[in-house]
Peer 1: 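I'd like to ask some things about the structure below.
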Amino acid sequence: MAKTIDLAENYDEAVSKGSDILRHGGLVAVPTETVYGLAADACNAKAVERIYSAKGRPAFNPLISHVSGIQMAQQFGVFDDRAAVLAREFWPGALTIVLPLKPGTKLAAAVTAGLDTIALRHPVGAMADLARRLDRLIAAPSANSSGRISPTKAEHVADGLGDKIDLILDGGPCAVGLESTVVKCLDGKIALLREGGVSREEIEAVAGPISDQSFGEIEAPGMMLKHYAPSKPVRLDADHAENGEALLGFGPKANGAALNLSPSGNLEEVARNLFAMLHELDRMDCSGIAVQHIPETGIGAAINDRLRRAAAGSAK
Ligand code: AMP
Ligand code: MG
């Protein structure tokens, strides 16, 4: 079982241990503001290969690369004007920007699954500090087995991947709780590939309209329909639990709910609680999970996206 180090106890020492392991090709679970990531040196092909095998992740699903700032990002991705505005406005933060990959870098080909684009993010906290200390790009998908719920606490990582990785850095519960928003910037256009911690409205307010037309070649596999799934059936827009189900409530009128995503009806709180509560209900003595309606506004769009994927394949 991987050792867990609490970042609150001695932050600098924990980051230094983490970066030593990464430098030698190891795998470290690291908290970010979105979810916990499974980190490896993005220029070490063997280490990147270990990410795919630990997660059981299909080889066609590219990884997000994490940077310590825009300078590191510019060594790997070609920023157009709109991409530069997005990075300036939202980094460090919950926005991943997919850009043309610069030729001639030492990046392991598996990081981009062989594509000629790269997904870059400057996250808040320990992941960026590790990249800075290593002076390397860090490849990190969410630290869960492929297709399962993303981890928002160190315990989730230990339960899911504890015997397959080298170290877990414990930074407590994640502040946002949903994965990053993924946009692609190409030929002056912005496409939204995955809803997440930064909303469409926030992006359009600073960088102008998102064109929804697909750019064609990729299927961002985070967009595969069944993803982020608990092992039990999930039923959406429920107003009560039926035989054996547990009700996951929202707002003040959640009578009989086993857990409530936000008693006051706050969507940021729902995002923070969603994955931890799905993990908890998955372990609880119930046959299925019934979820009350969540509004689509702001981060509600990303919350409902994850809920629809959690429910896909259920109740058949
Ligand atoms: P995660 O497994 O949560 O880290 O998700 C990473 C997301 O970023 C997935 O949906 C990937 O498909 C997407 N992604 C990573 N690299 C690229 C890329 N070069 N082009 C398009 N999507 C990408
Ligand atoms: Mg993931």
Side-chain angles (χ1 to χ4, degrees), residues 27 29-40 42 48 51-67 73 76-79 83 94-103 105 107-123 127 137-152 156-157 160-161 165 174 176-187 189-198 213-230 271 274-275 278-279 302 305-306 308-310:
L27 298 186
V30 184
T32 75
E33 76 277 47
T34 60
V35 303
Y36 277 71
L38 182 57
V48 171
I51 291 184
Y52 281 90
S53 57
K55 283 183 59 94
R57 185 175 174 105
F60 58 79
N61 190 354
L63 309 178
I64 294 173
S65 295
H66 296 78
V67 297
F76 292 87
V78 183
F79 284 73
L95 182 72
T96 296
I97 309 177
V98 176
L99 298 167
L101 175 64
K102 277 207 168 160
T105 72
L107 190 75
V111 171
T112 63
L115 298 171
D116 56 5
T117 52
I118 181 167
L120 291 162
R121 181 163 93 90
H122 177 193
M127 186 76 85
L137 197 65
I138 296 180
S142 51
N144 53 280
S145 293
S146 188
R148 306 320 296 247
I149 310 167
S150 294
T152 55
H156 300 154
V157 182
L161 293 178
I165 67 181
C174 299
V176 176
L178 284 185
E179 296 85 353
S180 59
T181 302
V182 182
V183 293
K184 184 169 183 177
C185 293
L186 205 62
D187 302 330
K189 295 203 179 71
I190 302 177
L192 184 61
L193 302 186
R194 176 174 80 181
E195 316 246 26
V198 175
Q213 111 245 14
S214 151
F215 285 113
E217 89 275 23
I218 67 107
E219 276 296 317
M223 302 170 93
M224 287 186 297
L225 189 55
K226 187 167 166 61
H227 207 74
Y228 311 107
L274 180 66
F275 290 152
L278 288 176
H279 275 286
D305 170 77
R306 301 306 186 274
R308 280 191 291 272
R309 291 172 205 284

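Counting starts at 1 for both ligands and their atoms, following the listed order. What you are looking at is a predicted structure, and each value in this text was computed from that prediction instead of being measured.
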Peer 1: Evaluate the side-chain proximity of His156 to Asn144: yes if any heavy-atom separation is below 4.5 Å, no if none is.
Peer 2: no
Peer 1: So which of Leu193, Leu38, Leu120, Leu186 gets nearest to atom 22 (N) of ligand 1, if we judge by its closest heavy atom?
Peer 2: Leu193
Peer 1: Numbering the atoms of ligand 1 from 1, which are under 4.0 Å from a heavy atom of Pro141?
Peer 2: 2 (O), 4 (O)
Peer 1: Looking at residues at least two apart in the chain, or sitting in another chain, which of them share a salt bridge (charged side-chain N to carboxylate O under 4.0 Å, His left out) with Glu179?
Peer 2: Arg306
Peer 1: Can you check which of Thr117, Thr96, Val182 brings a heavy atom nearest to atom 19 (N) of ligand 1?
Peer 2: Thr117
Peer 1: Within less than 4.0 angstrom of ligand 1, does Arg57 place any heavy atom?
Peer 2: yes
Peer 1: Provide the number and element of each atom of ligand 1 under 4.0 Å from a heavy atom of Ala119.
Peer 2: 15 (C), 16 (N), 17 (C)
Peer 1: Among all residues two or more places apart in sequence or in another chain, which pass the side chain to side chain donor-acceptor pair (under 3.5 Å) test with Thr96?
Peer 2: Ser180
Peer 1: Taking the non-hydrogen atoms of Thr112, is any one of them nearer than 4.0 angstrom to ligand 1?
Peer 2: no
Peer 1: If you count the atoms of ligand 1 from 1 in the order shown, which ones are under 4.0 Å from a heavy atom of Leu115?
Peer 2: 18 (C), 19 (N), 20 (N)
Peer 1: Under 3.5 Å, N or O to N or O, is Arg194 touching ligand 1 that way?
Peer 2: yes
Peer 1: Can you confirm whether Phe76 sits close enough to Lys102 that some side-chain heavy atom of one is under 4.5 Å from a side-chain heavy atom of the other?
Peer 2: no
Peer 1: Please give me the minimum heavy-atom distance between Val111 and Ala139, naming the atom from each residue.
Peer 2: CG2-CB, 4.1 Å
Peer 1: Which ligand 1 atoms does Asn61 reach within 4.0 Å, using its non-hydrogen atoms?
Peer 2: 9 (C), 11 (C), 12 (O)
Peer 1: Let's go through Arg57 and Asn61 carefully: what are the C-alpha distance in whole Å and the side-chain angles of both, what is the deciding distance for side chain to side chain donor-acceptor pair (under 3.5 Å) to 0.1 Å, and is it a yes or a no?
Peer 2: CA-CA 7 Å; Arg57 185 175 174 105; Asn61 190 354; 3.0 Å; yes
Peer 1: Does Leu115 reach the side chain of Leu101, with side-chain heavy atoms less than 4.5 Å apart?
Peer 2: no
Peer 1: The Mg ion (ligand 2) and Ser142: any N/O/S contact shorter than 2.8 Å?
Peer 2: yes
